Q: 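I'd like to ask you about the structure that follows.
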Amino acid sequence: MKGSKNRRVLPGFGLSLGFTLFYISLIVLIPLAGIFFKTFELTWAEFWSAVTNPRVLASYRISFSTALWAGLINAVFGLLVAWVLVRYRFPGKKIIDSLVDIPFALPTAVAGIALTTIYSKTGWIGSLLDPLGIKIAYTQAGITIALIFIGLPFVVRTVQPVLQDLDKETEDAAATLGSYRLRTFRKVILPALMPALLTGFALAFARGIGEYGSVVFISGNMPLKTEIAPLLIMTKLEQYDYAGATAIASVMLIISFILLLIINLLQWHMQRRAVSK
Amino acid sequence: MAGAITVFSKEDAKRPKHNTEQRGIQWLLIGIALLFIGLVVVLPLVSVFVEAFRKGAGMYFKALVEPDALSALKLTLIIALIAVPVNTVFGVAAAWAISKFSFKGKNFLITLIDLPFAVSPVIAGLVYILLFGAQGYLGPWLGEQGIQIVFAIPGIVLATIFVTVPFVARELIPLMQAQGVQEEEAAASLGARGWSIFWKVTLPNIKWGLLYGIILSNARAMGEFGAVSVVSGHIRGQTNTLPLHVEILYNEYQFSAAFAVASLLVMLAVLTLIVKAIVEWKSSSSH
């Protein structure tokens, strides 16, 4: 259908594609290339020491582990929220469905100060946990909570449409054959949802690694303990250490590219499966 | 992704009884989901307003009409007024090229458009420091011409444009791909010219998706923190946007004022989601 003959019928191909490529190059590609040009100004030894300094390594580790935990928690609860929204009826369902998008629409700094206040020693939840000796604000647990907030819609909004389209006849067949509900879920439903769940997890994880606004307030920003990689870039910039900041940024960019590639492969895989149905 | 328009099926009611969870388990799962959403999403929203009014309504409104707050509001509006239209034009052009024609490397182009989603906002700011900063590639030359980009409004606009590049395009591409090219081809075969095909055939079909893309990128443009923070220089009354103003007040322990300004941004987010709900309702009733 969409053969090259469309190019003759519909106008504007050259103009729209040309403008798109020009704009993407000017706004995104050339500026991002600047990161790598700047990094190439360093010698290998300088680059290596900049990106493997203990404080830098600790910041990667903190960013990774908190984003991983937040992603896993969102995978479990995001799936549950999507399941409840698609399969059950209950009052206020439409409102809950809308609330899932709040983290997309709310400025990250606002989320940051609100969560910090709630989980600090005198806050609504922090004051309940403090007598038990549990500290959330200014620890890695606090960073994880901020990233759970940020990542939730990614999982729910990726799983929801797939769950909606899931062929219920297979489930019914499994049930007719005497399979228990939990077994049907494990053997029939979960495998079908897996690509969507993984995509949602990867999106939340990628976003979590780079997240800044919601985390800086609640993290406390202690080097080696609660200092995330984006904050370290910021600190280096404030000290006019542009080379150091850029070296860390280039490592993070490469990680983002790899994650984006994985996400696109997963989405491509999902689309192909949807088409083959 | 963000704009997945969901239509709930009514077939749940007709499904065989044996193949759904018992009522008790259903309510348990609903309860856990509600608790989770309440804890993660609702509690922070409520806390913003409680903290904002902690010192009374008088202090609340005083924090909003304070000159620094007003200039931050003004700057935030100016930035959104530049960044959103520019990215809307881009988004429509990109979606037109990608959805109406076939060409090599299309998937790669879509990935490139997604790139700003995957890049840390701090890096989005950093790239413009490297280009236009005093020690940057173009900074010294621009300085001689008396043009300042970073630590000034142009830098904030550029960083905001960077982070909001994908929104309109990402909303329109799947929508226009699903609609195909038949209507446009029919119009073209009847002799319609390029722009009139777009205005009379395409635009009416995509208007709701377009509107949603615009308000989503507007929310992000007004709320962006990390990228803007890197390039702003935090000059009070000059290069402070609303989110940066919130940060400054918070770091100065003026918590009530910080949350008062933050409450404006919460209202913006809620308004965005209300428009989204209207758009979904309109687009599902027009089918």
Side-chain angles (χ1 to χ4, degrees), chain A residues 2 6-7 9-13 16-17 19-20 23-24 27-28 31-32 34-35 38 77 80-81 84 88 90 96 98-99 101-102 104-111 113-115 117-118 148-149 152 157 160-161 171-172 175 181 206 210 212-213 230 233-234 242 245 249 252-253 256 260 264, chain B residues 1-2 4 6 16 18-19 21 26 29-30 32-33 36-37 40-41 43-44 47-48 51 90 93-94 96-97 100-102 111-112 115-116 118-123 126-128 130-131 135 161-162 165 181 184-185 188 194 219 223 225-226 243 246-247 250 258 262 265-266 269 272-273 277:
Chain A
K2 283 189 184 175
N6 292 340
R7 215 168 291 180
V9 179
L10 287 182
F13 177 68
S16 60
L17 186 64
F19 177 69
T20 302
Y23 189 89
I24 275 289
I27 298 287
V28 179
L32 280 180
I35 298 261
K38 188 83 186 169
F77 286 95
L80 176 71
V81 170
V84 163
Y88 303 153
F90 56 94
I96 298 295
S98 298
L99 282 172
D101 278 331
I102 281 280
F104 275 150
L106 189 73
T108 51
V110 176
I113 62 169
L115 290 170
T117 308
I118 292 171
I148 292 172
F149 175 86
L152 175 70
R157 294 297 182 234
Q160 216 174 5
E171 261 176 72
D172 291 341
R181 191 64 191 146
Y212 176 75
I233 295 177
M234 200 75 154
Y242 291 134
M252 287 190 66
L253 266 184
S256 301
L260 195 63
N264 277 325
Chain B
M1 167 184 57
T6 47
H18 61 273
N19 198 14
E21 290 73 46
Q26 285 196 15
L29 294 178
I30 291 170
I32 298 172
F36 185 74
I37 294 286
V40 173
V41 180
L43 203 62
S47 84
V48 170
E51 296 294 331
F90 162 75
W96 180 265
K100 304 293 177 195
F101 304 95
S102 56
T111 305
L112 287 184
L115 209 51
V119 171
S120 173
V122 172
I123 295 178
L126 171 67
V127 296
Y128 291 106
L130 294 181
L131 274 181
Q135 301 166 27
I161 290 178
F162 182 101
V165 159
V181 292
E184 280 85 358
E185 281 183 349
F225 178 72
V246 170
E247 182 199 21
Y250 185 85
L265 294 167
V266 173
T272 304
L273 296 187

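Everything quoted here is computed from the prediction, not taken from an experiment. Note on naming: letters A, B, ... go to the chains in the order of the sequence lines (proteins, then strands), and numbering restarts at 1 for each one.
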Q: Measure distances from B:V246 to the heavy atoms of chain A and classify the residue's part below 4.5 Å as side chain, backbone, both or neither.
A: side chain
Q: Please look at B:V40 and chain A and tell me whether the side chain, the backbone, both or neither of the residue comes under 4.5 angstrom of a heavy atom of that chain.
A: both
Q: Could you give me the CA-CA distance, side-chain angles and deciding distance for B:V127 and A:I35, then say whether side-chain contact (heavy atoms from CB on, under 4.5 Å) is met?
A: CA-CA 6 Å; B:V127 296; A:I35 298 261; 3.6 Å; yes
Q: Heavy-atom distances under 4.5 Å only: say whether B:F90 touches chain A with side chain, backbone, both or neither.
A: both
Q: So which heavy atom on A:A249 is nearest to which on B:L126, and how close?
A: CB-CD2, 3.4 Å
Q: Name the option with the most non-hydrogen atom pairs under 4.5 Å to chain B; the candidates are A:S98, A:A114, A:G12, A:G34.
A: A:A114
Q: Contact part of B:L130 toward chain A, heavy-atom cut-off under 4.5 Å: side chain, backbone, both or neither?
A: side chain
Q: Flag the one option from A:L99, A:L115, A:I96 with the top tally of heavy-atom pairs under 4.5 Å to chain B.
A: A:L99
Q: Who wins among A:L80, A:I102, A:I27, A:I113 for the most heavy-atom pairs under 4.5 Å with chain B?
A: A:I113
Q: To the nearest 0.5 Å, what is the distance between CH2 (B:W96) and OG1 (A:T20)?
A: 12.5 Å
Q: Between A:A109 and B:P243, what is the shortest heavy-atom contact and its length?
A: CB-O, 4.3 Å
Q: To the nearest 0.5 angstrom, please state how far the CG atom of A:L253 sits from the CD1 atom of B:I123.
A: 4.5 Å
Q: Are the side chains of B:P116 and A:V28 in touch, meaning some heavy atoms are under 4.5 Å apart?
A: yes
Q: Give, as side chain, backbone, both or neither, the part of B:F162 having an atom under 4.5 angstrom from any heavy atom of chain A.
A: both
Q: At a heavy-atom separation under 4.5 Å, does B:E51 approach chain A through its side chain, its backbone, both, or neither?
A: side chain
Q: Flag the pair B:F101 / A:L17 as yes when at least one side-chain heavy-atom distance between them is below 4.5 Å, and no otherwise.
A: no
Q: Using a 4.5 angstrom heavy-atom cutoff, name the option from A:A105, A:G213, A:S16 with the most pairs to chain B.
A: A:S16
Q: Nearest 0.5 Å, what's the CG-OG1 distance between A:N264 and B:T111?
A: 4.0 Å
Q: Is chain A contacted by the side chain of B:A94, its backbone, both, or neither, given a heavy-atom distance below 4.5 Å?
A: both
Q: By a 4.5 Å heavy-atom criterion (distance strictly below it), what part of A:I118 contacts chain B: side chain, backbone, both, or neither?
A: side chain
Q: Would you check if B:F36 and A:I148 make a side-chain contact, meaning some heavy-atom pair closer than 4.5 Å?
A: yes
Q: Would the distance check show the side chain of A:S256 and the main-chain N or O of B:A118 forming a donor-acceptor pair, the cut-off being under 3.5 Å?
A: yes
Q: Contact part of B:L131 toward chain A, heavy-atom cut-off under 4.5 Å: side chain, backbone, both or neither?
A: side chain
Q: With only heavy atoms counted, which part of A:L260 is less than 4.5 Å from chain B, the side chain, the backbone, both or neither?
A: side chain
Q: Counting only non-hydrogen atoms closer than 4.5 Å, does A:A111 touch chain B with its backbone (N, CA, C, O), its side chain (CB onward), both, or neither?
A: neither
Q: Under 4.5 Å from any heavy atom of chain A, what part of B:L29 do you find: side chain, backbone, both or neither?
A: both
Q: Looking only at heavy atoms, what is the nearest atom pair of B:S120 and A:G210, with distance?
A: OG-O, 2.7 Å
Q: Based on non-hydrogen pairs under 4.5 Å, which of A:F90, A:F77, A:Y23 is most in contact with chain B?
A: A:Y23
Q: Do A:L152 and B:I37 touch side chain to side chain, with heavy atoms closer than 4.5 Å?
A: yes
Q: Decide yes or no for A:I24 and B:V165: does some side-chain heavy atom of the first lie under 4.5 Å from some side-chain heavy atom of the second?
A: yes
Q: Heavy-atom distance under 4.5 Å between the side chains of A:P107 and B:F225, does that happen here?
A: no
Q: For the candidates A:T108, A:I233, A:T117, which exhibits the highest count of non-hydrogen atom pairs separated by less than 4.5 Å from chain B?
A: A:T117
